[in-house]
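Some notes on the structure that comes next.
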Amino acid sequence: MDTMNEFSDLTIGDWILSTDKKRIDERAVHRYLCEESYWAKGVPFSTVQRSITHSLCLGAYVEDGRMAGFGRMVTDQATFAYLCDVFVRHPYRGQGLSKLMMQYFCMMADKYGLRRFLLTTQDAHGLYQQFGFTTFPWPERLMSRKGVQY
């Protein structure tokens with residue numbers, strides 16, 4: 001079984017959560033990341049496509065199939081994952097969708113038995129804390145290398 005597609009679609013109220021990449025509106029994801037996010041301004045469409053291809057993605061949809069939210073997990077599916085590019089589009093904010101998406105991501109992480117699940121955020125600490133995320137316990141150990149600027 002392809003572990004990248006082993007998770008079932010989940011319908012909760014008016015929302016459909018799906019890991020099926022065929023449903024993802026790549027143009028909408030690119031538009032949000034490139035124009036509205038603070039972390040990926042100017043990202044090329046080809047980069048967004050490649051990131052979707054190589055990640056476990058979660059799309060959130062309304063009944064008619066329109067994409068309401070998105071996020072992706074970069075993972076080895078055994079010990080580690082990095083959660084990134086999580087967003088809910090403006091018309092769908094304030095309705096609990098981000099919490100449903102986080103529940104789904106945490107369920108995936110638990111299913112894999114991950115030892116470490118990381119993310120970075122500038123402004124959504126309160127959301128992520130509700131799902132057990134805390135400040136990295138040893139920030140002096142965490143390092144990064146600056147890459148390409150868009």
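In terms of modelled atom types and a separation under 3.5 Å, the side chain of H30 and the main chain of V43 share a donor-acceptor contact. Side-chain atoms of K21 come within 3.5 Å of backbone N or O of T53 as a donor-acceptor pair. No donor-acceptor pair under 3.5 Å is formed between the side chain of K111 and the backbone N or O of F7. A donor-acceptor contact shorter than 3.5 Å links the side chain of S18 to the backbone of D20. The backbone N or O of L97 lies less than 3.5 Å from no partner atom in the side chain of Y92, so there is not a single donor-acceptor pair. R72 contributes no side-chain N or O that, together with a main-chain N or O of L58, makes up a donor-acceptor pair within less than 3.5 Å. Looking at K41, its side chain does come within 3.5 Å of a backbone N or O of E35 through a donor-acceptor pair.
Closest heavy-atom contact between A60 and M101: CB-SD, 4.1 Å. For the pair S55 and S51, the tightest heavy-atom approach, listed with the atom from each and the gap, is OG-O, 2.7 Å. Closest non-hydrogen pair, T11 versus G13, comes out as CG2-O, 3.9 Å. Between W39 and D85, the shortest heavy-atom distance links the atoms NE1-OD1, 2.7 Å.
Ring-centre distance between F105 and F70: not below the 6.0 Å cut-off.
Proximity of L17 to L100: side-chain heavy atoms (C-beta onward) are separated by under 4.5 Å at one or more points. Using a 4.5 Å heavy-atom cutoff, the side chains of E63 and W15 are not in contact. Between Q130 and M102, every side-chain heavy-atom pair lies at or beyond the 4.5 Å cut-off. The shortest distance between side-chain heavy atoms of V29 and I24 falls below 4.5 Å.
Salt-bridge check for D25 with R66: failed, with every basic side-chain N at 4.0 Å or more from each acidic carboxylate O.
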- request: Evaluate the ring-ring contact (aromatic ring centres under 6.0 Å, His included) criterion for residues F117 and F133: first the C-alpha distance (whole Å), next the side-chain angles of each, then the deciding distance (0.1 Å), finally the verdict.
  value: CA-CA 8 Å; F117 190 12; F133 286 87; 5.2 Å; yes
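Annotation for D9: atom CG counts as buried by contact number, over 12 foreign heavy atoms lying within 6.0 Å. The environment of CZ in R27 is sparse: at most 12 heavy-atom neighbours from other residues, nucleotides or ligands sit within 6.0 Å.
Under the 4.5 Å side-chain heavy-atom criterion for Ile, Leu, Val, Met, Phe, Trp and Tyr, M143 and L118 are members of distinct hydrophobic clusters. Under a hydrophobic-cluster definition in which Ile, Leu, Val, Met, Phe, Trp and Tyr are linked whenever side-chain heavy atoms come within less than 4.5 Å, directly or via other members, M107 and F80 are assigned to different clusters. In the hydrophobic clustering of this structure, V48 groups with Y38; members are Ile, Leu, Val, Met, Phe, Trp, Tyr whose side-chain heavy atoms approach within less than 4.5 Å, directly or through other members. Grouping the Ile, Leu, Val, Met, Phe, Trp and Tyr side chains by contacts below 4.5 angstrom, directly or via other members, places F136 apart from Y128. When the side chains of ILVMFWY residues are joined at heavy-atom separations under 4.5 Å, either directly or via intervening members, Y104 and V74 end up in two distinct hydrophobic clusters.
Judged purely by distance below 3.5 Å, without hydrogens or angles, the side chains of T120 and Y82 pair a donor atom with an acceptor atom.
Here the CE-CD distance, from M108 to Q77, works out to 10.0 Å after rounding to the nearest 0.5 Å. The CZ atom of R116 lies 13.5 Å from the OG1 atom of T75; values are rounded to the nearest 0.5 Å. Put simply, CG on D76 and CZ on R115 are 10.5 Å apart, with the number rounded to the nearest 0.5 Å. For the atom pair CD (Q129) and OG1 (T134), the distance works out to 8.5 Å, reported to the nearest 0.5 Å. Put simply, CD1 on I52 and CG on L56 are 12.5 Å apart, with the number rounded to the nearest 0.5 Å. Here the CE atom belonging to M67 is positioned 8.0 Å from the CZ atom belonging to R89, to the nearest 0.5 angstrom.
Note on ring orientation: taking the six-membered ring where Trp is involved, the planes of Y32 and F87 are parallel (angle under 30°, cut-offs 30° and 60°).
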